[in-house]
Chemist: 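Please read through the structure below; I'll follow up with questions.
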2 protein chains.
Amino acid sequence: MASKKNTKSQRADIPRKTVYRLSIYTRCLQRLKENGIKTVSSEALAGAAGVKSPQLRKDLTYFGQFGTRGLGYDVEQLIKMISDLLGTSHLQPVVLVGVGNLGRALLSYKGFAKEGFGIVAAFDVVTERQKDKRVTQSVYSMDELKSFVSRNNVRMAILCVPPQEAQEVVNELVEAGVTGVMNFAPTVLQVPDEVTVNNVNLAIELENLSYFVGH
Amino acid sequence: MASKKNTKSQRADIPRKTVYRLSIYTRCLQRLKENGIKTVSSEALAGAAGVKSPQLRKDLTYFGQFGTRGLGYDVEQLIKMISDLLGTSHLQPVVLVGVGNLGRALLSYKGFAKEGFGIVAAFDVVTERQKDKRVTQSVYSMDELKSFVSRNNVRMAILCVPPQEAQEVVNELVEAGVTGVMNFAPTVLQVPDEVTVNNVNLAIELENLSYFVGH
DNA sequence: AAATGTGAAGTTGTTCACAGCT
DNA sequence: AGCTGTGAACAACTTCACATTT
């Protein structure tokens with residue numbers, strides 16, 4: 001998206017795009033595993049992921065050697081190594097701040113849970129915003145944000161607040177110990193070096209399409 | 001986003017990232033205009049957009065020469081040229097397919113309308129899904145998709161259907177004349193060269209963050 | 001024979017440095 | 001004097017070609 005980023009790489013020297021593709025690879029591997037396939041060649045996996053095979057091989061060798069020449073890669077082993085690497089092998093708690101339209105949708109979005117993320121709590125200035133039967137998480141007041149985050153050792157946050165409030169909220173999050181922020185607010189956030197911000201701007205994404213579609 | 005793409009560039013030789021940054025520049029310019037600022041230097045605008053100034057200047061010169069040496073760029077003129085270029089100077093009709101959690105949120109998402117896009121209609125296998133007071137658009141049955149799109153000359157679509165259905169739906173869209181698709185389904189879509197697909201995968205975006213945050 | 005791992009070549013995008021306007 | 005426009009240097013990423021292993 002995105003690109004669409006302001007992401008700094010702490011864990012250095014591995015291309016951001018490589019990390020991104022790793023996520024795509026696991027999804028393909030998962031499907032293979034479900035179909036009972038034990039071994040896959042770089043050619044086949046790359047095809048499924050929509051990349052060229054040398055790309056896939058280079059991506060993997062940033063992290064070590066996992067294949068067997070003449071044979072290919074062990075599906076299960078590759079899944080294991082990637083999910084360890086991405087930190088998705090154990091559930092990561094995430095908080096969401098800003099329960100407007102988009103925030104509410106993300107709270108009930110099944111795509112996150114399916115991939116090993118749990119939005120454990122939501123925060124908003126208006127706590128009554130929980131009036132939606134599909135949303136199961138509690139909506140807390142902003143006062144409780146900092147203590148909740150540090151108490152529960154939350155490292156990741158999803159930001160869906162209006163642009164004017166985004167910087168202020170991110171400051172609080174960082175002070176409380178958050179080091180990764182997925183930012184949906186159309187704002188360039190200022191954060192310390194050790195914090196990673198992943199900007200997702202859906203309007204820009206559409207605008208971008210518009211350019212390629214033409215007038 | 002994600003970076004995160006499978007987008008082919010029809011209008012060639014201009015970097016995708018440049019087009020993406022153009023969107024960021026307009027947002028900054030808009031703010032300047034609201035504050036009554038008439039002229040801006042590449043240094044100042046780049047700062048606001050979170051890029052280096054030569055980057056900004058290079059981005060702009062792909063499209064022509066818009067600045068005045070010794071002075072800077074005319075705010076209003078730049079806004080005009082970028083929105084003409086991106087095709088956001090006139091309202092672009094967009095259809096949305098798949099009115100699940102995410103689809104519903106996008107239908108009522110104000111971020112799109114604010115930037116000159118109107119989701120004119122939504123489609124789903126279950127048309128009763130319109131039971132949400134915040135959603136103002138009508139939800140039509142999938143049978144009507146093709147005729148609606150071609151009748152109304154819709155060029156852009158937002159895809160929020162389950163992954164198994166994504167390819168089938170995109171085929172219909174393309175047949176009906178859509179040439180730009182914003183795809184939220186975690187599927188690698190197969191489309192003709194003249195069609196642009198912009199993949200947005202929120203789960204991958206989070207997974208990516210997870211890597212930088214660490215275990 | 002088949003398929004990985006990788007140095008080297010190629011491509012794309014970013015930054016620099018400064019010449020050239022106003 | 002100030003700031004743009006841009007060729008040339010640089011950096012990042014991708015692709016190729018092939019030696020290497022099973």
Side-chain angles (χ1 to χ4, degrees), chain A residues 1-22 24-25 29 32 37-75 77-78 81-82 208, chain B residues 1-9 11-25 29 32 37-75 77-78 81-82 208:
Chain A
M1 90 149 9
S3 264
K4 47 139 182 323
K5 296 304 143 46
N6 157 23
T7 308
K8 291 147 196 162
S9 42
Q10 263 56 66
R11 312 226 217 150
D13 66 3
I14 284 146
R16 281 217 348 252
K17 288 184 168 184
T18 292
V19 177
Y20 191 89
R21 283 189 297 263
L22 250 32
I24 301 177
Y25 301 153
L29 287 162
L32 292 174
I37 291 160
K38 296 270 180 258
T39 289
V40 67
S41 71
S42 62
E43 192 64 36
L45 182 53
V51 303
K52 301 245 168 78
S53 66
Q55 174 85 268
L56 166 64
R57 293 201 298 274
K58 183 133 278 183
D59 282 343
L60 295 180
T61 52
Y62 281 113
F63 307 100
Q65 300 186 180
F66 305 96
T68 314
R69 293 172 198 223
L71 237 169
Y73 299 91
D74 182 277
V75 171
Q77 184 199 341
L78 248 197
M81 104 77 176
I82 296 180
N208 201 251
Chain B
M1 160 252 245
S3 168
K4 56 155 177 309
K5 301 302 143 47
N6 156 26
T7 310
K8 290 149 199 163
S9 41
R11 310 225 218 151
D13 66 4
I14 285 146
R16 280 219 346 253
K17 288 185 168 182
T18 292
V19 177
Y20 191 89
R21 284 189 296 261
L22 250 32
S23 287
I24 300 177
Y25 302 152
L29 288 162
L32 293 173
I37 291 159
K38 296 268 180 260
T39 288
V40 67
S41 72
S42 63
E43 191 64 34
L45 181 53
V51 303
K52 301 244 168 80
S53 65
Q55 175 86 267
L56 166 63
R57 293 201 298 275
K58 184 134 276 185
D59 281 343
L60 295 181
T61 52
Y62 281 113
F63 307 101
Q65 301 185 179
F66 305 95
T68 315
R69 293 170 197 224
L71 238 170
Y73 299 90
D74 182 276
V75 171
Q77 183 200 340
L78 249 197
M81 104 77 176
I82 296 179
N208 202 250

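So that the names make sense, note that chain A is the first sequence line, chain B the second, and so on, each numbered from 1.
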Chemist: Please give, in whole Å, the distance from C:dT4 P to A:Gln55 CD?
Modeler: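 So the two atoms are 15 Å apart, to the nearest Å.
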Chemist: First locate atom CD1 of A:Ile14, then atom CG of A:Leu22, and finally report the distance between them rounded to the nearest 0.5 Å.
Modeler: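 Answer rounded to 0.5 Å: 9.0 Å.
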Chemist: Roughly how far, to the nearest 0.5 Å, is the OH atom of A:Tyr73 from the CG atom of A:Leu56?
Modeler: 5.5 Å
Chemist: In residues 62-73 of chain B, what residues come within less than 4.0 Å of DNA chain D, judged by heavy atoms?
Modeler: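 Residues of residues 62-73 of chain B under 4.0 Å from DNA chain D: B:Gln65, B:Phe66, B:Gly67, B:Thr68, B:Arg69, B:Gly70, B:Leu71, B:Gly72, B:Tyr73.
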Chemist: As an exercise, state the distance from CD1 of A:Ile24 to CG of A:Asp59, rounded to the nearest 0.5 Å.
Modeler: 9.5 Å
Chemist: What is the distance, to the nearest angstrom, from the NZ atom on B:Lys17 to the P atom on C:dT11?
Modeler: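 My rounded result for the distance is 19 Å.
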Chemist: Can you tell me how far P of C:dT4 sits from CD of A:Gln77, to the nearest Å?
Modeler: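 Rounding to the nearest Å, CD of A:Gln77 and P of C:dT4 are 13 Å apart.
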Chemist: Let me confirm one number: the CZ-OG distance from A:Arg57 to A:Ser41, rounded to the nearest 0.5 Å.
Modeler: 9.5 Å
Chemist: At the 4.0 Å heavy-atom cut-off to chain B, mark where contacts on DNA chain D begin and end, going 5' to 3'.
Modeler: D:dG2 to D:dA8
Chemist: What is the distance, to the nearest angstrom, from the CE atom on A:Met81 to the P atom on C:dT4?
Modeler: 14 Å
Chemist: Output the rounded distance in Å from NZ (B:Lys58) to P (C:dC18).
Modeler: 16 Å
Chemist: Which heavy-atom pair separates A:Thr18 from A:Tyr62 by the least distance, and what is that distance?
Modeler: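 Minimum heavy-atom separation between A:Thr18 and A:Tyr62: OG1-CE1, 3.6 Å.
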Chemist: Return the value, rounded to whole Å, for the distance between atom CG of A:Leu60 and atom P of C:dG5.
Modeler: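 The answer, rounded to whole Å, is 8 Å.
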Chemist: With side-chain contact (heavy atoms from CB on, under 4.5 Å) as the criterion, how do B:Ile82 and B:Leu29 come out once you've worked through the C-alpha distance, each side chain's angles and the decisive distance to 0.1 Å?
Modeler: CA-CA 10 Å; B:Ile82 296 179; B:Leu29 288 162; 4.1 Å; yes
Chemist: Can you measure A:Glu43 atom CD to C:dG5 atom P for me and round it to whole angstrom units?
Modeler: 15 Å
Chemist: Might you point out which heavy atoms bring B:Val75 and B:Ile37 nearest each other, and give the distance in Å?
Modeler: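 B:Val75 and B:Ile37 have their closest heavy atoms at CG2-O, 3.5 Å.
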Chemist: If you apply the rule side-chain contact (heavy atoms from CB on, under 4.5 Å), what do you find for B:Gln77 with B:Met81, and how did you get there?
Modeler: CA-CA 6 Å; B:Gln77 183 200 340; B:Met81 104 77 176; 5.7 Å; no
